[in-house]
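What follows is a set of notes on a single structure, which appears directly below.
Just so you know, residue 1 is the first one in the sequence shown, and it goes up from there.
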Amino acid sequence: MKISKKLLALIIFISGIVGFLVVLPVHYALDETSGDKFCIVCHEMDPMVIAYNDDIHSGNGKTGIKARCVDCHIPHDNIAKYALTKAKNGILEGWVHFFGDPNAIDWHKNLKNREHFVFDNGCTSCHTNVIDSNNTSAQAQKMHAHYKKLLDTPKELKCVSCHYDAGHGAGFRNYLEYWKPTYKIYDKKMIEKRIETKQKFFKDEYKPTKEEEEFLKQKAEKDAKKPAGGLAG
C-alpha cells in the first residue's frame, strides 16, 4: 500500500505533536524535582539543603554557577540510567517519607557510604579537565594521577573519597550532629543548635517539629522562672 505524501506528512505531524505532549510533562517533572527547592519539602533533608547553601556549588561563588542535586547524585552515563535512578530514588525516598520513619535514618552511616550515591561522571560533567589539568596544585595533580591509575580496579577511588564535603560545605558534619548527635549526652545542646540553624535559614517560614516545640516550651518556662534582673533597692 502506497502512502501519499500528504498522509505521510500528516502522520509525521501528528506523531510530532503526540511526542511533544508526552516529552514535555516528563521534562517538566524531571526539572521541577531536581533542585534544592524540591528536596527541602522533606524535613529530613533539611541539614543537607542548609549545608548545600553554605557551599560554592549552591551558586554563591564568584561565577554564580549552581549545581543541582541531580548533577551530583544521579549518574550521567546515559539518559536511561539517569531516569531509572531518579525514579528509583524518588520511590524509595517517598516511601520512607510518607510511610516510614525518616527520623530513624542514620545520616552518619550514609555519609560513610557516600561513594555509592555521589557519581564521578556528575563531577566531571562540570569539572571537565580537572583530572588532567596542570593548573592545579602539585598535590592535586599527584592525587589525580593516582585516581586514574586505580580506575577500574578493586581499589579505585571516587571523587568524594578525597573531596569529602564537596557540595555541602565544611560544616556539613556539624549539621548532621545538630540533627542527630552521635552521643546522647549532647541531645539538648544539639537540638538548641538545630533550632538556631533552622531559624536562621528558614527565617519566618521556620516550622518547629514536635520535639523542637517541646524544647522551646520547656526553655520558655525555665526562662520565666528566672528572677528578673535589676539592682536591689
Side-chain angles (χ1 to χ4, degrees), residues 29-61 64-76 82 85-123 125-127 158-183 186-187 189-203 205-212:
L30 287 172
D31 187 62
E32 288 297 305
T33 59
S34 294
D36 55 306
K37 289 183 179 179
F38 176 78
C39 293
I40 208 170
V41 171
C42 298
H43 72 272
E44 61 267 26
M45 297 303 294
D46 285 352
M48 274 59 76
V49 174
I50 293 173
Y52 160 77
N53 277 271
D54 286 345
D55 192 81
I56 194 171
H57 289 81
S58 69
N60 61 18
I65 295 174
K66 180 174 182 175
R68 300 181 303 169
C69 302
V70 295
D71 292 332
C72 303
H73 294 295
I74 301 290
H76 293 254
Y82 179 98
T85 303
K86 195 171 191 313
K88 182 184 71 173
N89 289 353
I91 292 170
L92 291 175
E93 291 165 10
W95 179 269
V96 172
H97 179 76
F98 290 108
F99 305 108
D101 182 10
N103 295 322
I105 299 173
D106 189 342
W107 291 116
H108 299 288
K109 183 179 179 181
N110 285 352
L111 187 59
K112 292 179 181 178
N113 296 324
R114 60 194 179 278
E115 289 91 349
H116 299 296
F117 50 84
V118 181
F119 297 90
D120 284 9
N121 49 35
C123 300
S125 64
C126 291
H127 302 280
K158 302 294 182 182
C159 294
V160 290
S161 298
C162 299
H163 299 280
Y164 197 89
D165 297 311
H168 292 281
F172 185 31
R173 280 167 286 182
N174 290 337
Y175 290 132
L176 293 183
E177 288 293 334
Y178 298 165
W179 264 255
K180 196 165 188 177
T182 303
Y183 302 104
Y186 296 116
D187 276 2
K189 182 63 177 177
M190 292 300 99
I191 192 173
E192 189 172 12
K193 293 294 293 181
R194 184 205 314 168
I195 292 171
E196 179 185 318
T197 300
K198 291 174 71 174
Q199 287 176 334
K200 182 179 178 181
F201 182 79
F202 294 109
K203 298 182 173 61
E205 296 180 2
Y206 166 64
K207 294 180 181 179
T209 62
K210 289 182 179 180
E211 181 186 21
E212 292 164 5

Between NZ on residue Lys189 and OH on residue Tyr178, distance to nearest 0.5 Å: 9.0 Å
Can a donor-acceptor pair be found, under 3.5 Å and without considering hydrogens, that links the side chain of Asn121 to the backbone of His76? yes
Side-chain donor/acceptor of Asp55 to backbone N/O of Ala51, under 3.5 Å: no
Would one find more than 12 heavy atoms of other residues, nucleotides or ligands at under 6.0 Å from atom CG of Leu111? yes
N/O donor-acceptor pair under 3.5 Å between Asp165 side chain and Gly171 backbone: no
Hey, what do you get for CE (Met48) to CG (Asn110), rounding to the nearest 0.5 Å? 8.5 Å
Identify the two heavy atoms, one from Arg114 and one from Ser161, that lie closest to each other, and give their separation to 0.1 Å. NH2-O, 3.7 Å
Salt-bridge criterion met for Asp106 and Lys180 (N-O under 4.0 Å): no
All ring-ring contact (aromatic ring centres under 6.0 Å, His included) counterparts of His73, not counting sequence neighbours: none
So does Tyr206 get a backbone contact from the side chain of Gln199, meaning a donor-acceptor N/O pair under 3.5 Å? no
Going through the checks in order, is the side-chain contact (heavy atoms from CB on, under 4.5 Å) test met by Tyr52 and Arg68? CA-CA 10 Å; Tyr52 160 77; Arg68 300 181 303 169; 5.8 Å; no
Approximate separation, where rounding is to 0.5 Å, of Tyr183 OH and Glu177 CD: 8.5 Å
OG1 of Thr197 to CG of Asn174, rounded to nearest 0.5 Å, is 9.0 Å
Has Asp120 got a side-chain atom pairing as donor or acceptor with Lys158's backbone, closer than 3.5 angstrom? no
For Asn53 and Val49, what are the C-alpha separation, side-chain angles and deciding distance, and is it a side-chain contact (heavy atoms from CB on, under 4.5 Å)? CA-CA 6 Å; Asn53 277 271; Val49 174; 3.7 Å; yes
Shortest non-hydrogen pair, Asp46 vs Trp179, comes out as CB-CZ2, 3.7 Å
Work out which heavy atom in Ile56 is nearest to a heavy atom in Gly61; give both atom names and the distance. CG1-CA, 3.7 Å
Answer yes or no: is there a donor N or O on one side and an acceptor on the other, between the side chain of His168 and the main chain of Pro47, under 3.5 Å? no
Which atom names give the shortest non-hydrogen contact between Lys207 and Glu212, and what distance separates them? O-OE1, 4.3 Å
In this structure, CZ of Phe172 is separated from CD1 of Ile50 (nearest 0.5 Å) by 11.0 Å
Walk me through whether Glu44 and Asn103 qualify under side-chain contact (heavy atoms from CB on, under 4.5 Å). CA-CA 7 Å; Glu44 61 267 26; Asn103 295 322; 5.7 Å; no
Parallel, tilted or perpendicular: which describes the rings of His57 and His127, with under 30° parallel and over 60° perpendicular? perpendicular
Rounded at 0.5 Å granularity, tell me how far OG1 in Thr182 sits from NE2 in His108. 4.0 Å
Kindly indicate whether the side chain of Tyr164, heavy atoms from C-beta on, has any atom under 4.5 Å from the side chain of Arg173. yes
